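Comments concern the structure below.
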Amino acid sequence: MDKFLIVIIGPTGIGKTTTSIEVARHFNTVIISADSRQIFKELKIGTAAPTAQELSAVQHYNIATHSIHDYYSAWEFEQDALAYSERLFKTHQQLVLTGGSMMYIDAVCKGIDELPTVDQELREQLKNQYEQEGIEVMRRQLKQLDPVFYDQVDLQNHKRVIHAVEICLLTGKPYSSLRTNSIKERPFNIIKIGLNLDREELYERINKRVDIMVEEGLIEEAQQFYAHKDLNSLNTVGYKELFAHFDGEYDLDKAIELIKRNSRRYAKKQLTWFKRDSDIKWFKPSELVNIISYCESFMVH
RNA sequence: ACGGAUUUAGCUCAGUUGGUAGAGCAUUGGUCUCCAAAACCAAGGGUCGGGAGUUCGAGCCUCUCAAUCCGUG
């Protein structure tokens, strides 16, 4: 197996785009994005999508491929990313996969179980039931449909409880019986590179990047999609805070402050997730030379 | 300079008739098989501006020093 997927991950704002472009250029290859928000073609500024210049420096896949109105999930991403890689590995020895969406990265590297896509009508119905009757009713349903998962799930987390109920009703089987917990084999090697900095420095970068987004027109971008603020794709840091501001909940300065805070929190969550993955070799964004030689150390025969 | 007010957790403030302190936000740690930039859980942190006095005991009372703010000059 002489094909290598170089996975570059890290918290938001760390500089994954820049590093991955450098790495891709070095190996004369292309980039597959693993970003759950940059897939939306409408959202450019607030998602820090690669610029036209960056996109022309290296061919990117899976960016701006969907509309904010489309349904998309980690499972879909697994399918798309594998399809891209199968095709691209025919002409490349190495490919770069980069992005901050933790579950998308794991979907490609480890695979996720195939579950049916949730029926919109059923989701709507259960959501209404939850909102009207409360979480206790959902818990009782889950306990009846899947007592095994009931004992495992965080019962406070309505999203997880509801989703499990959805899958049970949709398949007629307990949700837990569909979870295999297995790691799928991939027809390529995986090299995982993590980018990180001291917390303080990372937060400074994040704060500064938010200011730059505002200068570049983030507010106008959000304004454009205000009418669609209830779409899941717009339940996104950088937009949801501005929508609340447009609703009159707080002033603009407060909204920008919240965008910074929520970006910091998101970065922290990403790091919590990635920390458990012992396959990741960590570097600072400035250590490009070390990153490349680390990758090459896997490739010599 | 005089009068008044303020000084309690990183920030904004609560603290009842004196019994060694709380909240919100921020911060930190964690969970995670699918609309995940989502959703959820948990934790740490203060010699109560400095000093002295009264008291069995002071964030709360008295004196003094300091800083900040508002008036009047």
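Numbers restart at 1 for each chain; the letters A, B, ... are given by sequence-line order, proteins then strands. Since this is a predicted model, take the numbers as computed values, not measurements.
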Ignoring hydrogens and angles, does a donor from either the side chain of A:Arg160 or the base of B:C40 sit under 3.5 Å from an acceptor on the other?
no
For A:Thr180 and for A:Gly100, find the nucleotide of RNA chain B with the closest heavy atom, then tell me which residue's nucleotide is more 5'.
A:Thr180
Separation between the P atoms of B:G19 and B:U62, rounded to whole Å
16 Å
Anything under 30° is parallel, anything over 60° is perpendicular, the rest tilted; go ahead and classify A:Tyr239 against A:Phe243.
tilted
Consider side chain to side chain contact (heavy atoms under 4.5 Å, CB included). Of A:Leu197, A:Thr19, A:Ile9, A:Leu271, which one does A:Ile14 pass it with?
A:Leu197
Are any of the side-chain nitrogens in A:Lys184 or A:Glu78 under 4.0 Å away from the carboxylate oxygens of its partner?
yes
Counting neighbours of CD on A:Glu133 that are heavy atoms of other residues, nucleotides or ligands and sit closer than 6.0 Å, is the number greater than 12?
yes
Nearest-neighbour nucleotide for the A:Arg199 side chain, B:C40, B:G29, B:A38 considered
B:G29
At a heavy-atom distance below 4.0 Å, what parts of residues 128-143 of chain A sit against RNA chain B?
none
When you measure from the side-chain N and O atoms of A:Lys254 to the phosphate of B:C25, is any distance below 4.0 Å, counting only OP1 and OP2?
no
Less than 4.0 Å between a side-chain N and a carboxylate O, is that true for A:Lys143 and A:Asp151?
no
From CG of A:Leu231 across to C1' of B:A38 the rounded distance in Å is 14 Å
Involving RNA chain B, stems made of at least three consecutive Watson-Crick or G-U pairs, both distances under 3.5 Å:
B:1-7 with B:66-72, B:10-13 with B:22-25, B:27-31 with B:39-43, B:49-53 with B:61-65
